[in-house]
Each structure stands twice: as structure tokens, then as C-alpha cells.
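To keep things clear, I will list the structure first and then write my remarks on it.
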There are 2 protein chains.
Amino acid sequence: MNQTATVIDELIAGGSNFAASLGINRIAGELYLLLFFSPRALSLDEMTQRLKVSKGHVSTNIRALERWQAVRKVWVKGSRKDYYEANPDTLRIIFRQLRQGLSQRFETLEKIMARAKTEISSLPGEGEAKSNDEFVYCRQRLEKIETMYKTISALLDKSEIFL
Amino acid sequence: MNQTATVIDELIAGGSNFAASLGINRIAGELYLLLFFSPRALSLDEMTQRLKVSKGHVSTNIRALERWQAVRKVWVKGSRKDYYEANPDTLRIIFRQLRQGLSQRFETLEKIMARAKTEISSLPGEGEAKSNDEFVYCRQRLEKIETMYKTISALLDKSEIFL
DNA sequence: TAGAACGTTTAGAACTTATTAAACGTAATA
DNA sequence: TATTACGTTTAATAAGTTCTAAACGTTCTA
């Protein structure tokens with residue numbers, strides 16, 4: 001292993017630490033960075049050896065990266081191995097992933113909020129002062145959440161410039 | 001427990017699920033939401049009973065929320081318990097936390113990248129073609145990372161409008 | 001068709017994180 | 001001062017995740 005490799009190892013370690021701290025699987029981060037810094041596509045075996053992790057682990061994680069469109073399989077003539085190269089558009093990958101993840105979760109939340117809104121407006125005042133307080137307060141809070149929700153949605157829409 | 005409480009329970013469940021899926025401790029999310037929907041400050045005991053988790057757990061997590069300035073302790077006369085209320089500025093809390101977390105991690109990354117840059121430019125060409133390729137390619141990639149880095153930093157700076 | 005070279009799946013070991021119950025310390029109260 | 005009512009810390013356990021080694025199923029090659 002030459003000197004360039006050592007420098008890259010450090011970059012991979014630092015970068016995958018960063019990714020891991022954001023909740024991305026460490027090996028996925030390492031795989032992506034390894035490919036990102038590699039001038040040619042690498043085979044599963046090469047990645048396995050270089051990162052010193054099991055073949056199965058590499059297999060599983062590289063396919064996760066493929067699903068995120070962070071890497072892609074390339075065809076290398078004369079070999080029947082699978083080779084992968086990094087999609088260098090890292091920012092786009094991150095934002096796409098972020099946007100998509102949030103949208104899905106938002107849908108679930110939206111349903112819950114819609115139901116809460118219906119339920120709460122159909123509640124009888126219940127007579128006693130305490131319950132009434134809670135009732136009014138809850139409505140206000142729900143409205144506040146909706147406002148925030150719209151702010152974030154708007155931001156997400158703007159982040160389309162990265163896609 | 002009245003009907004408003006039931007609706008709020010659903011909102012807490014949905015919201016804390018959302019938070020948990022973003023990597024925030026589930027109990028922290030539940031605590032925040034419980035307070036967010038509560039018209040008055042609540043004591044540790046009340047939160048413990050309502051959320052059905054241990055006192056210690058509530059204690060630890062409420063202090064994490066305090067550190068993030070997501071809740072604050074309030075004084076209730078005639079009681080020697082600690083009462084807490086939510087900081088309703090949820091978006092501000094989220095962005096502050098995001099910004100701060102990223103900044104810290106960025107500092108570490110910055111150091112690694114600076115060192116890599118120095119090391120890589122001080123490397124001799126090593127003669128052989130293959131190493132030279134790697135060398136040149138690595139420099140290009142490093143530059144690409146720096147560009148992305150600057151893009152995110154700029155975005156973070158703009159997100160100051162939320163602080 | 002037998003054997004080798006692959007990538008994938010899986011069962012469980014090794015770690016990590018979340019959670020609890022109980023011990024503890026402190027301050028208020030009687 | 002003794003007791004009680006708190007919040008905090010801690011040690012043990014439960015739950016969840018990551019990781020490996022080995023079995024497996026294909027596809028290629030001889």
C-alpha cells in the first residue's frame with residue numbers, strides 16, 4: 001500500500017466517522033468514500049480486503065448504496081466480478097435522501113394530525129373549566145404545528161434545486 | 001383521563017415516532033410533546049405517570065431537553081417539585097441543534113482535510129504511472145469535497161434566519 | 001457435467017444503546 | 001434531629017444493531 005493510500009485511509013476514516021455520527025451505517029460510508037477516491041471501479045473482493053470487513057457485509061451495504069443511487073454497478077470486460085463506482089454527486093444524494101425520508105414520515109404525521117383535528121373539534125366542551133382549557137390549548141398547539149409543518153415543506157420544495 | 005388526553009396521546013405517539021426516526025431519543029420526544037401540548041408546566045412525577053417510564057429516565061432526558069433549550073424549569077409556588085414547560089419554538093430548536101451539531105463535526109473534518117491536502121502535495125510523484133494517477137485523482141476529489149463543504153457551510157449560515 | 005468463482009442469505013456472536021429499579025444525596029418539614 | 005419528599009446516579013438487564021463465518025445458489029469454465 002502506497003502513500004496515497006494512507007492519506008485516503010485517513011480521509012475515509014474521518015469521513016465515515018462523520019457519516020456515522022449522522023446515523024449512516026459506518027461501512028456504507030466507508031464503501032462510498034473508498035469508491036469516491038478511487039480512480040477506477042472496484043470489485044467486492046477489493047473492497048472487502050481494503051476495508052477489512054466480511055464479504056457479506058460489503059454485499060449488503062453496497063446494495064443499500066445502490067438503492068440510494070450513491071454507487072452504480074459497472075461492467076468490466078474480461079471479468080465476471082461486479083464492479084462499483086461512486087456517484088460523485090454527494091450533495092445531491094444527501095438531499096434526495098433527506099427529502100424523500102422526510103416526505104414519507106410527513107405523510108404519516110399528516111394523517112395523525114388530520115384525525116386529531118377532526119376528533120378535537122367534535123369533542124363536546126365537557127362542561128368543566130379544566131377540560132375546556134386543555135381543549136382550547138390543544139387546538140392552538142395543533143395550529144402551531146401545522147404552521148411549522150408548512151414552513152418545512154416549503155423549505156423541502158426549495159431544496160429541489162439540489163435534485 | 002379525558003378525551004382530549006386521548007387525542008394528545010396519539011399526537012405524542014405520532015410525533016415522537018417521527019422524532020425517533022430522525023435519531024432523537026424517543027422519550028425525549030415524548031417529553032417535549034407532552035409539555036408542548038400541556039397548558040401548564042408539569043412535574044417529573046406527572047410526566048413519569050403519564051408516559052409510563054421510570055423516574056430516572058425522565059430525569060435524564062428532561063435535562064437533555066433543558067440543555068438543548070427545548071424545555072425550561074419553572075417555579076411553582078407552594079410546591080418543591082421541579083416543573084417544566086416546553087419552549088414552543090420547535091423549529092428554532094431543531095435548526096439550532098442541527099447547525100451546532102454539524103459545525104462541531106465539520107471542525108474535525110476540516111482538520112483531516114487540511115492535513116490530507118498538505119500530505120498529498122508533499123508526496124513525490126513516485127515515478128510509476130499508476131501511483132501518479134491515484135495522486136492526481138485524489139487531489140481532484142479533495143477539491144470536490146471542499147466545494148461541497150463550502151456549499152453546506154453557506155446553507156448553514158443562511159439557516160441563521162431561524163435562530 | 002464437475003468444479004470453481006462469484007454474490008447473497010442467514011444464524012448467531014459481539015457490541016451498543018435504552019431502560020429500569022434501587023441506592024443515594026440533599027433539602028424541606030415536623 | 002428524624003423523617004419525608006424530592007431529583008440524580010448507578011448497576012444490571014433488556015432490546016436493538018452491526019458484523020462475521022459459513023452455507024447456499026448461480027453462473028461460468030473446463
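Chain identifiers are assigned alphabetically (A, B, ...) following the order of the sequence lines, protein sequences preceding nucleic acid strands; residue numbering begins at 1 within each chain.
- Few gaps surround CZ on A/Arg26; more than 12 heavy atoms of other groups in view lie less than 6.0 Å from it.
- Aromatic ring pairs are classed by plane angle as parallel below 30°, tilted from 30° to 60° and perpendicular above 60°; the pair A/Phe106 and A/Tyr149 is tilted.
- Evaluation of atom-type donor-acceptor distances gives no pair under 3.5 Å for the side chain of B/Lys81 against the base of D/dG7.
- One can place CZ of A/Arg26 at 15 Å from P of C/dC15, the figure rounded to the nearest angstrom.
- Enclosure of atom CZ in A/Arg105 by more than 12 non-hydrogen atoms of other residues, nucleotides or ligands within 6.0 angstrom is indicated.
- When distances run from any side-chain atom of A/Val53 to the nucleotides D/dT9, D/dT20, C/dT8, the shortest one goes to D/dT20.
- Picking from C/dT9, D/dT20, C/dT20 the nucleotide with the shortest atom distance to the side chain of B/Ser54 gives C/dT20.
- Atom CD1 in B/Ile27 sits roughly 17 Å away from atom P in C/dT17 (whole-Å rounding).
- Between B/Arg115 and B/Glu119 there is a salt bridge, since a side-chain N of the basic residue sits under 4.0 Å from a carboxylate O of the acidic one.
- In this structure, A/Asp82 atom CG and D/dT27 atom C1' are separated by 12 Å, rounded to whole Å.
- Within the structure, a side-chain polar atom (N or O) of A/Arg63 is placed less than 4.0 Å from OP1 or OP2 of C/dT9.
- Counting to the nearest Å, the P atom of D/dT8 and the CZ atom of B/Arg67 are 12 Å from each other.
- Nearest to the side-chain atoms of A/Arg80 among the listed nucleotides D/dC28, D/dT8, C/dA28 stands D/dC28.
- Per the geometry, CG belonging to B/Leu51 stands 17 Å off P belonging to C/dA18, to the nearest Å.
- At whole-Å resolution of the value, CG in B/Asn25 and P in C/dT16 are 19 Å apart.
- Atom NE2 of A/His57 and atom P of D/dA22 are 17 Å apart (whole Å).
- Per the geometry, CG belonging to A/Leu44 stands 19 Å off P belonging to D/dT26, to the nearest Å.
- With respect to the salt-bridge test (charged N to carboxylate O, under 4.0 angstrom), the residues B/Lys117 and B/Glu146 qualify.
- Nearest to the side-chain atoms of A/Asp45 among the listed nucleotides D/dT20, C/dG7, C/dT8 stands C/dG7.
- Remark on DNA chain C: of its neighbouring residues B/Lys55 and A/Ser59, the 5'-side contact belongs to A/Ser59, judged by nearest-heavy-atom nucleotide.
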